[in-house]
Amino acid sequence: MTADQKHFADLSGRVAIITGCGSASGIGFATARALGRQGASVAICSTTERIEKRAEELGAMGIESSAHLADLTSAAEAERSVNEAIAVHGGVDILVNNAGMSQVGGADIGRVFSQLSEADWRAGIDQNLNLAANVTRAAIPAITRAGNGRIVFVSSVTGPMVSAPGNPAYSAAKAGLDGLMRALAIELGRRGTTVNSVNPGWIETGSATPEEVEAGRHTPIGRPGTPEEVAAAVLMLAAPEASYITGQTLVVDGGNIIQEIKG
């Protein structure tokens with residue numbers, strides 16, 4: 001590709017690790033497709049063996065990929081998965097921390113704080129904050145060596161901006177995720193790595209409940225978002241051209257948080 005032919009977000013020759021890619025209809029897999037179509041090689045992670053099927057599907061699209069099965073709430077397993085991905089692809093330039101509470105087999109923590117056990121509180125924090133911290137810690141040495149690294153957290157509007165009954169651990173973890181993002185943006189900026197977050201609102205994934213889909217119909221745009229629309233925001237922040245954007249949150253919610261009356 002010549003300089004004249006180069007398009008926005010050309011990721012040719014770059015390697016991305018993307019967590020939470022097990023679901024065919026989720027944000028993680030949509031992100032893997034979006035980055036792969038722009039030329040990135042992708043290492044995709046999940047807690048279940050369906051990740052192998054996702055890698056096969058990416059291969060059928062002509063996207064170079066590898067599948068990694070791990071419980072990333074374990075620091076040891078996170079480090080193993082990152083090292084495996086680096087060994088397969090020769091390094092890592094981009095990390096997308098997408099894995100979170102919607103993972104298969106995750107604990108049901110949809111209770112008010114006063115009814116939440118210590119174990120369920122810890123599970124919520126592990127799934128939505130510590131998991132991303134584990135993967136990021138393991139990936140930072142390789143990403144900063146790349147010299148033009150990108151870390152993108154898929155956070156949420158829930159926690160950093162809004163909340164609702166039944167979401168105490170999730171809200172606390174996602175708010176913590178945005179705080180970690182800002183701290184890392186300061187720590188890693190001089191090492192050539194930008195760190196940002198994408199904060200989705202009501203998104204119609206395979207795990208969305210009917211109530212969540214209905215809530216999306218009351219946004220200013222009048223519908224829930226799609227995983228592909230969130231993936232487009234991740235792609236923008238992962239692009240070489242986004243080299244002067246760091247420590248920022250990009251909300252993808254159809255304008256929902258700007259309206260006082262939500263239907």
Residues in side chain to side chain contact (heavy atoms under 4.5 Å, CB included) with [X], at least two apart?
X      : value
Ser117 : Ala119, Asp120
Ala238 : Ile94
Thr209 : Glu211, Glu212

Residues in salt bridge (charged side-chain N to carboxylate O under 4.0 Å, His left out) with [X], at least two apart?
X      : value
Arg145 : none
Glu214 : Arg217
Arg80  : Glu77, Glu84
Glu57  : Arg54

Please list, chain by chain and in numerical order, all residues satisfying side-chain hydrogen bond (donor to acceptor under 3.5 Å, both in side chains) with [X], sequence neighbours excluded.
X      : result
Ser197 : Asp178, Asn199
Ser66  : His68, His89
Arg14  : none
Glu49  : none

Around Lys262, counting heavy atoms of other residues, nucleotides and ligands shown, do more than 12 lie under 6.0 Å from its NZ?
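Atom NZ in Lys262 is crowded, with more than 12 foreign heavy atoms closer than 6.0 Å.
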
Pair listing, side-chain hydrogen bond (donor to acceptor under 3.5 Å, both in side chains) test, anchored in residues 249-258, at least two apart
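Of all non-adjacent pairs touching residues 249-258, those that pass side-chain hydrogen bond (donor to acceptor under 3.5 Å, both in side chains) are Asn256-Gln259.
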
